[in-house]
There are 2 protein chains.
Amino acid sequence: MSTIKDIAKYTGLSVATISKYLNGGNVLPENRKLLEKAVKKLDYRMNHIARGLKTRKSLTVGVLIPRLNNIFYSTLISHIEIALSAAGYSTIICAYQDDPDTELARLDFLLGKGVDGLLFIPLGSSSKCFNLLTASNVPVVMVDRTFEGIECDAVLSDNFGAAYNTAGYLSQNGHRRIGVILGPEGVYTADERHQGYTQAVRDFNLDPEPELIQRGNYGIDSGRSCMEKFLSMKNRPSAVFVTNYEMTIGAIIALEYGNIKIPDEVSIIGFDNLELAQTIKPPLTIVTQRLNKIAVEAVKLLLDRLRGNSGDNVTVKKFSTELIVRDSVKRI
Amino acid sequence: MSTIKDIAKYTGLSVATISKYLNGGNVLPENRKLLEKAVKKLDYRMNHIARGLKTRKSLTVGVLIPRLNNIFYSTLISHIEIALSAAGYSTIICAYQDDPDTELARLDFLLGKGVDGLLFIPLGSSSKCFNLLTASNVPVVMVDRTFEGIECDAVLSDNFGAAYNTAGYLSQNGHRRIGVILGPEGVYTADERHQGYTQAVRDFNLDPEPELIQRGNYGIDSGRSCMEKFLSMKNRPSAVFVTNYEMTIGAIIALEYGNIKIPDEVSIIGFDNLELAQTIKPPLTIVTQRLNKIAVEAVKLLLDRLRGNSGDNVTVKKFSTELIVRDSVKRI
DNA sequence: CTATTAAGCCTAAACGTTTAGCTCTATTAT
DNA sequence: ATAATAGAGCTAAACGTTTAGGCTTAATAG
C-alpha cells in the first residue's frame with residue numbers, strides 16, 4: 001500500500017504539494033499530469049484513518065436504532081444509508097435491541113468510535129443517554145421519536161395528526177365506535193397517536209369507551225390478540241385503526257380467522273407497508289409515513305450541522321402522514 | 001477532550017506507561033490507582049482513530065449487501081451486527097441496491113475506509129469485485145451467496161438440499177405436479193435451488209414440465225403473478241413451492257383472490273418468515289433458513305481470519321434448511 | 001527598472017496513539 | 001557479596017496525513 005510519501009519520492013514533489021493536489025488545490029499542469037500518473041502507477045489510495053486523525057473528522061455517521069429486524073426501521077435505514085453514502089459518509093449502524101442498558105452502551109460505543117454525527121431513534125426518555133450526548137458535543141438528529149422537552153434537532157412524523165385525521169376520516173364515513181390498536185405506553189410515537197385519537201374522540205363526538213383503545217407491542221401476535229379482543233366485545237367497534245405494520249398483519253389475520261368480512265362487518269385502516277396493502281384482499285386503506293422524506297431530511301439536517309451552516313436554534317420537522325384510501329372502510 | 005498526554009502530565013508518568021496500562025499491561029498498584037483516578041477525572045476516552053493509524057486496525061467490519069429494505073437481509077444483518085458488536089467490532093453497512101456498478105463502487109468505498117474485514121453478499125459473478133478484493137488483501141467471508149469457482153470463505157444455506165428435500169417431501173405426500181417459484185436466473189441461491197428442484201424431478205419421477213418452473217424477482221408482485229400463472233394452467237400443479245418470503249406473500253394473495261382453498265385445491269410451501277407463517281390461515285408449512293447460525297458462523301470465520309488463526313485453506317460452511325410442517329400441504 | 005503581489009512549492013510540526021529498545025531498581029540465584 | 005534476571009518505566013520514533021508559514025519565481029503595477 002503506497003502512501004503520499006511514496007508519491008513524493010516518485011515525483012520529486014513534497015508531501016504538502018501532493019496533499020494539496022489530492023484535496024483539489026492548484027498545482028502546475030505538468031505536475032498535475034505527473035501526479036495523476038504516479039497515483040495510477042503506485043495505486044495510491046487515501047488512508048482515511050490518517051486523514052481523520054489530522055482533520056478530526058471520520059466522515060462517518062452513527063445510526064442508533066431500536067432493532068434492525070423490523071421492516072419499518074430497516075426501510076428507514078435503507079433510505080438513510082443511501083442519502084449518507086451519496087454525501088460521502090459511511091454509516092455505522094448499532095441496534096440496541098429495545099433494551100435501555102444496551103441503548104446507553106451502544107451510544108457510548110458510537111461516540112467512542114469518533115463518529116462525526118449521530119442519527120438516533122431513542123427508546124424513551126433515558127436522561128443518561130441525553131447526558132452522554134450533550135457531554136460529547138456530537139451533533140445529533142433524532143429520527144421518528146424524540147426526547148420530550150429537550151432541545152434537539154428532530155425529524156418526525158406528525159403522529160398526532162395521523163391518528164386525529166384517521167379517526168376524522170372514519171367519522172366522516174359515519175363511524176362512531178372506532179377502535180385503535182396502539183403501541184406500548186411510554187413510546188413516543190404511540191403516545192402521540194394516542195393523543196391524536198383522544199382529541200378526535202372529543203372533537204368528533206366519538207364513542208369514548210376506554211376498551212376501544214388497545215395496546216399492543218408492535219408485533220404481529222399482539223395485533224392479532226388486540227383485534228380478537230375487539231371482536232369478542234358485545235358491542236364491537238365498526239372500524240379499527242391499527243398503528244403499525246406488524247400489528248396490521250396480525251389484525252387482518254384475526255379477521256380472517258373470525259371470518260369477518262372487510263369492510264362489511266368491520267372497517268379497518270392499516271399502517272405503513274404499501275406493498276402489502278396493495279396486494280391484500282380487499283385492498284387496504286392505510287396510513288403511510290413518508291419514510292424517504294424523513295430519512296433525507298434527517299440526513300440533510302445532520303449534514304448542515306456537520307458543515308456548520310445551521311444556526312444555534314434547533315429544527316424540528318414533522319412530516320404529515322398520508323391516507324391512502326382503498327377498499328377497507330365502509331361508509332355507514 | 002483529553003488525551004494520553006494529558007494523563008501523562010496529570011500523573012507524571014510517561015505516555016508509554018499509560019498506553020501499556022490502557023492495553024491491560026502491568027503497572028505498579030499505586031500507579032494503577034493513580035491512573036484510574038486520572039482517567040476518571042480527566043474523562044479520558046481512547047481516540048480509536050489515532051490507535052487505528054498506529055495499529056493498522058480499525059476494529060470495523062464492512063457489510064456489503066444487495067439491499068437493506070428487505071426482511072431477509074435485514075434479519076441477517078441484525079444477527080451479524082449483534083455478533084460483531086459483541087466482539088468489539090463496529091459494522092459499516094453498505095447496500096448496493098441490486099446494481100452491479102454500485103456494488104463495485106461500494107466495495108471500493110469500504111476498502112478505502114480501511115475496514116479490517118468484509119462480509120459480503122455479492123450480486124453475481126462480477127470479476128471486477130473479485131479482483132478488487134484479492135488486490136486489497138482484506139479478509140472476506142461470503143454470506144448467503146458466493147462466487148462460483150473462487151477460493152473464498154463462505155457461509156451458505158444448503159439451497160440445493162432445501163429445494164431437493166422440499167420437492168421430496170411433496171412427493172412423499174403424493175404430489176407429482178409440483179410448481180416452483182424461483183428467484184431470477186443467475187442469482188446464486190436461485191440457481192442452486194433450481195438444480196435441487198430438477199434433481200428431485202429426476203430422482204422422484206416428478207412431472208418434468210417446464211412451465212412448472214416460474215421465475216420471479218423476489219418481490220411480492222412477482223410471487224403473485226407467478227402463482228396466477230399456475231392457477232391459469234389447464235393442468236394446475238397440485239403443490240407449489242415458493243422460494244422466498246416476499247413471493248410467498250404474493251402467492252398467498254393470488255390464492256385468496258382466486259378463492260383457492262389451501263391445501264385442498266393447492267398445497268403450498270412457503271419460505272423464511274416464521275412469524276407470518278404461524279399466523280396465517282391455514283398455518284403454513286415453510287422452509288426456514290438458519291439465519292442466526294449463518295450470521296454467527298460468518299462472523300466467527302471472519303474473526304478467525306482477522307486474528308490469524310485460520311489456516312491457508314478456505315472454509316465453506318453450508319447450513320441445512322429446516323422444513324417446518326404445518327397445515328398447507330395435503331396428502332393425496 | 002524596481003516594488004509589489006501572487007502562485008506554487010517546500011519545510012516542519014502537528015494529530016494521539018503504539019512500540020522497540022533502553023535504563024533503573026529490586027529480586028533471586030550462586 | 002556478586003551476578004543474573006525480571007519488572008516497571010522511559011525516550012523517541014513511527015503511523016499517513018494536513019497545514020501554517022516561509023521561500024522562490026514569475027507576473028504585474030508604477
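A, B, ... follow the sequence lines: proteins, then strands. Residue 1 opens every chain.
Per the geometry, CZ belonging to A:Arg56 stands 18 Å off P belonging to D:dT17, to the nearest Å. A:Leu53 places its CG atom 12 Å from the P atom of C:dT18, with the value rounded to the nearest Å. Remark: C1' of D:dG16 and NZ of A:Lys9 are 13 Å apart, rounded to the nearest angstrom. Rounded to an integer number of Å, the gap from A:Tyr21 OH to D:dT18 P is 13 Å. As a whole-Å value, the separation of A:Asn23 CG from D:dT18 P is 5 Å.
Counting non-hydrogen atoms under 4.0 angstrom, A:Thr55 reaches the backbone sugars and phosphates but no base.
For C:dG16, the OP1/OP2 oxygens have no side-chain nitrogen or oxygen of B:Arg51 closer than 4.0 Å.
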Output one line per pair: protein atom, nucleotide atom from nucleotides 6-14 of chain D, and distance, for all N/O pairs under 3.5 Å.
| from | atom 1 | to | atom 2 | distance (Å) |
| --- | --- | --- | --- | --- |
| D:dG9 | OP1 | B:Leu28 | N | 3.4 |
| D:dG9 | OP1 | B:Asn31 | ND2 | 2.0 |
| D:dC10 | OP2 | B:Ser14 | N | 2.6 |
| D:dC10 | OP2 | B:Ser14 | OG | 3.0 |
| D:dC10 | OP2 | B:Thr17 | OG1 | 2.7 |
| D:dA14 | N3 | B:Lys54 | NZ | 2.9 |

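With A:Asn23 contributing its side chain and A:Lys20 its backbone, the two residues share no donor-acceptor pair below 3.5 Å. Side-chain atoms of A:Asp116 come within 3.5 Å of backbone N or O of A:Ser58 as a donor-acceptor pair. In terms of modelled atom types and a separation under 3.5 Å, the side chain of B:Ser78 and the main chain of B:Ser74 share no donor-acceptor contact. Looking at A:Asp153, its side chain does come within 3.5 Å of a backbone N or O of A:Thr315 through a donor-acceptor pair.
Using a 4.0 Å cut-off between charged side-chain N and carboxylate O, B:Glu81 and A:Arg106 make a salt bridge.
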Intermediate values then yes/no, salt bridge (Lys or Arg N to Asp or Glu O under 4.0 Å), B:Glu297 and B:Arg290: CA-CA 11 Å; B:Glu297 182 65 28; B:Arg290 304 177 196 262; over 6 Å; no
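In summary, of the residues considered (B:Asn70, B:Thr189, B:Asp98), a side-chain hydrogen bond (donor to acceptor under 3.5 Å, both in side chains) with B:Tyr218 occurs for B:Thr189 alone.
Residues of residues 38-47 of chain A having a heavy atom closer than 4.0 Å to DNA chain D, listed by number: A:Tyr44, A:Arg45, A:Met46, A:Asn47.
For B:Glu151, the CD atom counts as loosely surrounded, since its 6.0 Å shell holds 12 or fewer non-hydrogen atoms of other residues, nucleotides or ligands.
For A:Thr3, counting side-chain heavy atoms from C-beta on, the closest listed nucleotide (C:dT17, D:dT18, D:dT17) is D:dT17.
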